[in-house]
Amino acid sequence: MKRLFPFLLLACGPALAQTGAIKLNQIGFLPQSQKLAVVPQGAGGDRFELVGADGKTAFSGVLGAAVSWDASGETVRVADFSWLGTPGSYRLKVAGLPPSDPFTVAADGYRALNSAALKAFYFNRSAIALAPEYAGQWARAAGHPDTRVLVHTSAASKARPAGTAISSPKGWYDAGDYNKYVVNSGISTYTLLAAFEHFPAWFAQDIAIPESGNGVPDILDEAMWNLEWMLSMQDPADGGVYHKLTNLRFDGMVMPDAATRERYVVAKSTAAALDFAATMAAASRVLAGYDKQWPGMSKRMLDAAERAWRWAEANPALLFKNPKDVVTGEYGDAHLEDEFAWAAAELFITTGKDLYLKALRPETVAATTPSWSDVRGLAWMSLAHHRERLGPQFDRSLIASRIDGLAQGLAAEWKRSAYRVPTRGADMVWGSSAVTLNQAMMLLQAYRLNGKQDYLLAAQSGLDYVLGRNATGLSFVTGFGARQVLQPHHRPSIADGVDAPVPGWLSGGPNPGQQDAKDCPPYPSKLPALSFIDHACSYASNEVAINWNAPLVYVSAALSELTPKVRPLKAMNDKLVPLDLLLRQEQLLQFDRFDNDTALEIGLKLVEMARAQKKAVTVEIARNGTVLFAHGMNGTSRDNFDWIRRKSNLVNRTGHSSFYTHNQVRLNGGDHDAIPALDPREYAAHGGSFPLIIKGTGQVGTITVSGLPGVEDHAMVVNALKDYLKVEGI
Ligand code: G3I
Ligand code: 9MR
């Protein structure tokens, strides 16, 4: 970025979220994704509309109830337009508000995002020049060869006294800084390897890096860049692993080739050894099929993993603390049980050795949302993927119960949250965007195990959150979204003279810790979800980091692969009815007043009409949740009341007749019996339920018929209402 660091204030920065704006995923959705937007309470009216690129309304619906979110201090309403399945570009409109940012519905909607999120790792490679061919306007000279790195006093050993020069090239810069940290490399590299291990077909597509076309998927080539560096961080003498490779203090805001070359490997730590062991054990497994390209590498990694494990067992409590003269990132962690569990799990899966299962003691390990300092969730994720090969000595029921237990809690929060996200204000620590995406990643593990739809939908909401459905209204991914972060704390983005930041990076996101307050202009709020500034000064809210991007790669790939593809249309004989006709019925068939006697009169009228046509139907009329009329004619069954329940649920949710939704879904190319995000046990998009609307008040109930084909049930209600209300011409 050309902007001067750090004294320019927000006024000349990017568009900030406008209070009152409609917030949604600014990239968009897959045809079968759940699709939600958040609208501030008090905006004009109860309805929303989706307008396509042709200016026509593709869908209209009713906003959900107002719910408040303590994380942002707002009260908002959700617009649910999940059944919009037709590919295209849309905006959401609500009377009295500016239209939403545009978004698309597309079958490959997350391909570009996923490629860019992976490509971001390439952009942070140390020791290599980025050629314009791959890096475009972000091409740059090589930085930090790291072929002569000094052993810091804290890391001195007999064979390598302080000041010894070792070679430790390659690897990714950790974040907005230029240092390389083993602990954070572990979770990041593993997450990329897991993405490939779980969804290999998705990663067949190249992302244009120098290795593209070499017969290895790009995601593995990219991971290898860092794995090679990690291998060089192991002391060949004892198997211990240096905690980090770093300057003594953070560089200024300069390009990598202008940064300081005096770098050190600093103290070995137990956490580094264990994260290294886990990552190498997983890599050895994933790369086993690539011995031709990388001869001997898989075995070398497994040996390295087992040596690091043995070192950690012999040195089980070497907690890392920055030595006095080193002030760069610490990644210090006082709890090592989770690192032990993760390393044991990966080693057990890869080797099948009993000693690792004994060390793992799975019954003592909880499943939690992964972060650099808590890696238990990663152990469960790998165990779940490899559950079939764990052998009889492993109690597999634990996998399902641990992962489902975690997912249940996250999904419950997602359901109750006003923004429909699994993340609470209390979860919003430094790097909160990645908390949300790691939650989504764990929800997806549960979905892979038991197919519970809510878990897939809650994970989608996690991605929606970082792409704009959050309290700031910003997309937290550089280069993506109409209203995106523009000034991340990322040294190359600050120093490269290019206006746009390096693309594909996930900003850390809201962080009420505001640890950089002294270095920055004031934050707009102290509330967790609003503790964010899109300013390059803000390392506590707007830095980027490899461990935050990795779950973005995982989640965007996994949602693309796991979300059901559009189902083939069922053969249907009935003709589709134009929506404007159905809307007109709803506009004209409204009541000035409606009491219990009205319900009786209309109910009896319906029964009489059915008798006259020698048809058997069940009729129910409900107002404000109370049934005022119900009758099942001879020849009907209990099942008809269940149809009425599901058809009227739909009307209460959409505000439209169930026949309207039926036609709308089908006009959009969808299957009315498989509407994304609508549980078929609760909702039925078949004709027959009509909204009971009082003029000036709105919809207060439903008038429903069941027993005939949907189109006839609908016609019977409409005819009865026309007759009662003396309306003609529809
Ligand atoms: O976990 C506690 C939580 O229990 C508590 O309620 C909360 C209250 O503030 O704090 C939480 O801990 C925070 C922790 O991040 C959560 O992961 C710490 O306060 C916070 O200081 C800590 O920040 C870390 C930050 O470095 C400062 O050390 C981030 O996790 C970590 O991602 C970040 O990493 C930096 C590297 O050091 C250097 N490179 C850039 C990278 C990204 O900013
Ligand atoms: O730029 C540094 C960033 O990469 C780190 O995550 C962060 C962690 O503390 O520190 C940043 O460096 C800042 C330092 O901590 C305090 N003085 C200002 C530095 C950035 O301008």
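Ligands are counted one by one from 1 in listed order, and the atoms in each one are counted from 1 as well.
In this structure, the separation between CZ on R491 and CG on D496 is 13.5 Å, given to the nearest 0.5 Å.
Of the protein's heavy atoms, none falls inside 4.0 Å of atom 1 (O) of ligand 1. Protein non-hydrogen atoms do not reach within 4.0 Å of atom 8 (C) of ligand 1. There is a protein heavy atom closer than 4.0 angstrom to atom 19 (O) of ligand 1. Proximity of atom 13 (C) of ligand 1 to the protein is not indicated, since no non-hydrogen protein atom lies closer than 4.0 angstrom.
Atom 39 (N) of ligand 1 has as its closest protein heavy atom D174 OD2, 2.9 Å. Ranking protein heavy atoms by distance to atom 40 (C) of ligand 1, first place goes to E543 OE2, 3.2 Å. Nearest non-hydrogen protein atom to atom 33 (C) of ligand 1 is W430 NE1, 3.9 Å. Protein heavy atom nearest atom 37 (O) of ligand 1, with residue, atom name and distance: G329 CA, 3.1 Å.
With atom 14 (C) of ligand 2 as the reference point, the heavy atom nearest to it among Y178, F250, W430, Y173 is part of F250. The heavy atom nearest to atom 3 (C) of ligand 1, out of those in D374, D516, V429, is found in V429. For atom 30 (O) of ligand 1, the nearest non-hydrogen atom from the set Y173, Y331, W372 comes from W372.
Listed by chain and residue number, E413, A426, D427 satisfy the side chain to side chain contact (heavy atoms under 4.5 Å, CB included) test with R424 (two or more places apart in sequence, or in another chain).
Close approach of ligand 2 to E543 (heavy-atom distance below 4.0 Å) involves ligand atoms 3 (C), 4 (O), 5 (C), 6 (O). Of all atoms in ligand 1, numbered sequentially from 1 with element shown, those under 4.0 Å from a heavy atom of Q515 are 19 (O), 20 (C), 21 (O). Ligand 2 places these atoms under 4.0 Å from at least one heavy atom of D177: 4 (O).
The shortest distance between side-chain heavy atoms of M441 and P370 falls below 4.5 Å. Counting heavy atoms from C-beta outward, W380 and P362 have side chains that approach closer than 4.5 Å.
Annotation: cation-pi geometry not satisfied between R125 and W172 (NZ/CZ under 6.0 angstrom from ring centroid, within 45° of ring axis).
Ring pair W505/F121 is tilted by interplanar angle, where 30° to 60° counts as tilted.
In this structure, M253 has a heavy atom closer than 4.0 Å to ligand 2.
Judged by distance alone, the side chains of S382 and Y190 do bring a donor and an acceptor atom under 3.5 Å apart.
Backbone and side-chain nitrogen or oxygen atoms of R491 are examined, and one is located within less than 3.5 angstrom of a nitrogen or oxygen of ligand 2.
Of all the heavy atoms of D519, the ones lying under 4.0 Å from any atom of ligand 2 belong exclusively to the side chain. Under 4.0 Å from ligand 1, the heavy atoms of W548 that appear belong solely to its side chain.
Between D146 and K180 there is a salt bridge, with a side-chain nitrogen of the basic residue lying less than 4.0 Å from a carboxylate oxygen of the acidic one. Salt bridge absent: D257 and R140 never bring a charged side-chain N and a carboxylate O closer than 4.0 Å.
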